[in-house]
Amino acid sequence: MKHIWHHQTKREELLKFLLLLGVLVGYFLYLSWQYDFATGGIVSILTWSFFVLCTPVADAGFLIDFPVRLITGLRMFITEIMVWVTAITSNLLIINFNPEAYEKTFLTSLLYKILVTPYPYWIIILLCGAGTFLSIRFGDEMLDVISHKESDYQHKHVFKHKIIIMVALFVIIIFAYYHLLEMLNIEMPE
């Protein structure tokens, strides 16, 4: 029975991953139609990297991390490091070879402003990194506990303390993130 459930979960996660991939491909096709093929690809990467680097939860990375964990067993923390390296490397290349690509959308222009203004805007990236890796660590811990239901009482007790500490830190990070956005007068257009 456990094997069937595990197989079904992997299939469902693969389907969700493919649906999300379909949304990303649709966004890329829209941008390619709006601009051109190369620009559409670059702006898609920049938009994805905005959500990786500038949101305090693992949203853009989690689209990759969670399915990879369920399908391969690789810890989400490791996958998220690869996601961040990819996002940072992409931005370094695009800033140096095609900086005008950042002018195409509001999010990409905001990303450019954050990237080229170390103080105070890099604080956003640092807070987002802390929140992202904390949420990924939390997700890895949860999946570990779920997969080892026969854990002893002490392990469960320690886990509860870890959860409380992680949630408290995450709330502080989210509060600091929104406070910083307010202080820097960063607002999303309506």
Taking the ring of F170 and the ring of F175, is the distance between their centroids below 6.0 Å? no
Between atom CD1 of I136 and atom CZ of R69, what is the distance when rounded to the nearest 0.5 Å? 10.5 Å
Output yes when a side-chain donor or acceptor of T39 lies under 3.5 Å from a complementary backbone atom of D36, and no otherwise. no
With a 4.5 Å limit on heavy-atom distance, are the side chains of N91 and L53 in contact? yes
As an exercise, state the distance from CD1 of I125 to CD1 of I114, rounded to the nearest 0.5 Å. 6.5 Å
Check for me whether the distance between the ring centres of F133 and W84 falls short of 6.0 Å. yes
Can Y178 and E182 be counted as having a side-chain donor-acceptor contact under 3.5 angstrom? no
Check: T72 side chain, L74 main-chain N or O, donor-acceptor pair, under 3.5 Å: yes
Hey, which of L107, T105, I94 is the one that makes side-chain contact (heavy atoms from CB on, under 4.5 Å) with V43? T105
Interatomic spacing from CZ in F138 to CG in L169 - rounded to 0.5 Å: 12.5 Å
How would you list all residue pairs meeting salt bridge (Lys or Arg N to Asp or Glu O under 4.0 Å) that involve residues 116-139, not counting sequence neighbours? R137-E141
L31 and L93: same hydrophobic cluster, using ILVMFWY side-chain contacts below 4.5 Å? no
Atom pair CH2/CG of W122 and L127 - distance to nearest 0.5 Å: 15.0 Å
To the nearest 0.5 Å, what is the distance between CG (L46) and CD1 (I95)? 8.5 Å
Ionic contact status for R75 with D65, cut-off 4.0 Å: no
Once rounded to the nearest 0.5 Å, what's the spacing between atom OG1 of T132 and atom CD1 of I173? 9.0 Å
If you draw a 6.0 Å radius around OH in Y177, do more than 12 non-hydrogen atoms from other residues or ligands fall strictly inside? yes
